[in-house]
Amino acid sequence: MVETCKQNKVFLMDNTMFVHSLRTDALRKLIQVEKKLGEVHRVSVKTSFFLNDESNIRLSKELEPDGCIGDIGWYCARVLLVVFPNELPVGVFSTIQYRNNDKENGVPTNCTATFWYDKEKKKLATLDCSFTLARQQYFEVGGSEGSVRVENYVNARDGGGTYSLYDKLMEESTIEVPKCEHEVILLRHFREQVEKKEQAEWEDFRLAALKNQWLLDALYKSSEANAPVELKWAV
């Protein structure tokens, strides 16, 4: 799909809403520009909602064989790319704890995974996605100087106007940012890129989608093999 769009000069952007929000912009600045967290070493993401309706496409082996991994796992993986925009993990170990109807060939309904990066940098990322728990959607980023916790990062029902910042002593500050409808900003960004027709800028959007899927493919492969999988990025 990526190559076809590229060859035919068609703009490709995935529908990951939260990466377009003003809160995410503020977090990028805090982590990567201001470096308020120091050296970032850990990312932890948890996303879930309870689902037991067998007529739902998310539980269909034919229509969504990856289950919770292919659905809410997508957002979990994208957090890694937001926090570490210039680095990719070198390995992953993932396990599927439950499948729908407890069938061996059912779709995954609960999955946990650990990604690791270059050992010298001592970076780890963990994610947990589930259809067996009530709604949760948050991520935490930990560094040598502090940490942040972001609630409701996918749907942002409150407009995504706050996040929690912690210093070395766990003193908490609630940071306010302008509220927004990140779905609206996503559509605006899509329109702007189509109108600009800047092929160089388009490549960033294509690669983001491709890397996101690459992470999930490796995660699923590890789960099926019940073994660690080595990752090596190649376009």
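Source: prediction; values computed, not measured. Along the sequence shown, residues are numbered consecutively beginning with 1.
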Colleague: Is there any ring pair (Phe, Tyr, Trp, His ring centres under 6.0 Å) pair reaching into residues 142-185, and which pairs are they, with sequence neighbours excluded?
Modeller: F18-Y153, F139-Y153
Colleague: With ring pair (Phe, Tyr, Trp, His ring centres under 6.0 Å) as the rule and sequence neighbours excluded, what pairs involving residues 194-220 come up?
Modeller: F11-W202, F11-F205, W214-W233
Colleague: Is it true that atom CD of E176 has more than 12 heavy atoms of other residues, nucleotides or ligands lying nearer than 6.0 Å?
Modeller: no
Colleague: For T24, does its backbone N or O pair with a side-chain atom of S21 as donor and acceptor, under 3.5 Å?
Modeller: yes
Colleague: Is any side-chain heavy atom of R206 closer than 4.5 Å to a side-chain heavy atom of D204?
Modeller: no
Colleague: For R78, give me all partners under salt bridge (Lys or Arg N to Asp or Glu O under 4.0 Å), at least two apart in sequence or on another chain.
Modeller: D14
Colleague: Rounded to the nearest 0.5 Å, how far apart are CE of M1 and NZ of K6?
Modeller: 16.0 Å
Colleague: Establish whether L207 and V82 are linked, either directly or via other cluster members, by ILVMFWY side-chain heavy-atom contacts under 4.5 Å.
Modeller: yes
Colleague: Keeping the roles fixed (side chain from T114, backbone from T126), state whether a donor-acceptor pair exists under 3.5 Å.
Modeller: no
Colleague: Is there a chain of hydrophobic side chains (I, L, V, M, F, W, Y, each step under 4.5 Å between heavy atoms) that links L88 to V141?
Modeller: yes
Colleague: Report yes if some heavy atom in the side chain of V107 is under 4.5 Å from a heavy atom in the side chain of R99; otherwise report no.
Modeller: no
Colleague: Is there side-chain contact between L12 and T4, with heavy atoms separated by less than 4.5 Å?
Modeller: no
Colleague: Looking only at side-chain N and O atoms, does R135 offer a donor or acceptor that is under 3.5 Å from a partner on N155?
Modeller: yes
Colleague: Applying a strict under-4.5 Å side-chain criterion to I, L, V, M, F, W and Y, I'd like to know whether L81 and V79 cluster together.
Modeller: yes
Colleague: Rounded to the nearest 0.5 Å, what's the gap from NZ on K211 to CG on L80? Could you check?
Modeller: 12.5 Å
Colleague: Identify, with sequence neighbours excluded, every residue that meets side chain to side chain donor-acceptor pair (under 3.5 Å) alongside E151.
Modeller: R149
Colleague: Yes or no on side chain to side chain contact (heavy atoms under 4.5 Å, CB included) for L187 and R191, after CA distance, side-chain angles and deciding distance?
Modeller: CA-CA 6 Å; L187 291 172; R191 184 199 67 202; over 6 Å; no
Colleague: Salt bridge or not for E224 and K221, using N-O below 4.0 Å?
Modeller: no
Colleague: For K196, give me all partners under salt bridge (Lys or Arg N to Asp or Glu O under 4.0 Å), at least two apart in sequence or on another chain.
Modeller: E201
Colleague: Consider only side-chain heavy atoms of I, L, V, M, F, W and Y, link residues closer than 4.5 Å, and tell whether L22 and V154 are in one cluster.
Modeller: no
Colleague: How about T162 and I175: do any of their side-chain heavy atoms sit closer than 4.5 Å?
Modeller: no
Colleague: Could you go through I69 and L216, starting from their C-alpha distance and side-chain angles, then the distance that decides it, and tell me whether this counts as side chain to side chain contact (heavy atoms under 4.5 Å, CB included)?
Modeller: CA-CA 7 Å; I69 297 173; L216 292 185; 4.2 Å; yes
Colleague: When L219 is tested against each of T112, V229, L127 for side chain to side chain contact (heavy atoms under 4.5 Å, CB included), which residue passes?
Modeller: L127
Colleague: Write out all pairs satisfying salt bridge (Lys or Arg N to Asp or Glu O under 4.0 Å) with one or both partners inside residues 79-94, taking only residues at least two apart or from two chains.
Modeller: E87-K121, E87-K123
Colleague: Do V45 and L124 land in one hydrophobic cluster if side-chain heavy atoms of ILVMFWY residues count as linked below 4.5 Å?
Modeller: no
Colleague: With rounding to the nearest 0.5 Å, note down the distance linking NZ in K119 to NZ in K122.
Modeller: 12.5 Å
Colleague: Please collect all salt bridge (Lys or Arg N to Asp or Glu O under 4.0 Å) contacts where either partner lies in residues 161-172, sequence neighbours excluded, each pair once.
Modeller: E145-K168
Colleague: Tell me, yes or no, whether the heavy-atom count around E181 atom CD, taken from other residues, nucleotides or ligands under 6.0 Å, exceeds 12.
Modeller: no
Colleague: To check you understand the geometry: which heavy-atom pair defines the closest contact between I72 and C129, and what is its length?
Modeller: CG1-CB, 3.8 Å
Colleague: Where is the tightest heavy-atom contact between A77 and N212, given as atom of each residue plus distance?
Modeller: CB-ND2, 3.5 Å
Colleague: With no hydrogens and no angle check, just 3.5 Å: does a side-chain donor-acceptor pair link S48 and S130?
Modeller: no
Colleague: Counting N and O atoms only, with roles assigned by atom type, does the side chain of K61 sit under 3.5 Å from a partner on the main chain of N105, one being a donor and the other an acceptor?
Modeller: yes
Colleague: Just checking, is any N or O donor in the side chain of N110 or T132 under 3.5 Å from an acceptor N or O on the other one?
Modeller: yes
Colleague: Which pair of non-hydrogen atoms, one from P89 and one from L215, has the smallest distance, and what is that distance?
Modeller: CG-CD2, 3.5 Å
Colleague: Got a sec: does the NZ of K36 have more than 12 other heavy atoms crowding it under 6.0 Å?
Modeller: no
Colleague: Name all pairs fulfilling the ring pair (Phe, Tyr, Trp, His ring centres under 6.0 Å) condition that reach into residues 36-62, sequence neighbours left out, sorted by first residue then second.
Modeller: F49-F131
Colleague: Walk me through whether S173 and S164 qualify under side chain to side chain contact (heavy atoms under 4.5 Å, CB included).
Modeller: CA-CA 6 Å; S173 300; S164 298; over 6 Å; no
Colleague: Tell me the closest heavy-atom pair linking N100 and L59, and the distance in Å.
Modeller: ND2-O, 3.3 Å
Colleague: Checking R188 now: which residues fulfil side chain to side chain donor-acceptor pair (under 3.5 Å) with it, not counting sequence neighbours?
Modeller: none
Colleague: Which residue pairs satisfy the salt bridge (Lys or Arg N to Asp or Glu O under 4.0 Å) criterion with at least one member in residues 63-75, sequence neighbours excluded?
Modeller: R58-D71
Colleague: What closest approach, in Å, do P108 and P65 show between heavy atoms, and which atom pair accounts for it?
Modeller: CD-O, 3.5 Å
Colleague: Which pairs count as salt bridge (Lys or Arg N to Asp or Glu O under 4.0 Å) when at least one residue sits in residues 47-57, sequence neighbours excluded?
Modeller: none
Colleague: Determine which pairs satisfy ring pair (Phe, Tyr, Trp, His ring centres under 6.0 Å) with at least one residue from residues 54-111, sequence neighbours left out, and list them in order.
Modeller: F84-Y117
Colleague: Would a distance-only check, ignoring hydrogens and angles, find a side-chain to backbone donor-acceptor pair under 3.5 Å from E140 to S44?
Modeller: no
Colleague: With side chain to side chain contact (heavy atoms under 4.5 Å, CB included) as the criterion, how do K35 and V40 come out once you've worked through the C-alpha distance, each side chain's angles and the decisive distance to 0.1 Å?
Modeller: CA-CA 9 Å; K35 299 188 181 299; V40 175; over 6 Å; no
Colleague: Taking the side chain from S222 and the backbone from A227, do they hold a donor-acceptor pair closer than 3.5 Å?
Modeller: yes
Colleague: Look up atom CG in L30 and atom CZ in R23, then write down how far apart they are to the nearest 0.5 Å.
Modeller: 13.0 Å
Colleague: Looking only at heavy atoms, what is the nearest atom pair of G160 and V177, with distance?
Modeller: O-CG2, 3.4 Å
Colleague: Rounded to the nearest 0.5 Å, what separation is found between the OG1 atom of T174 and the CG atom of L165?
Modeller: 9.5 Å
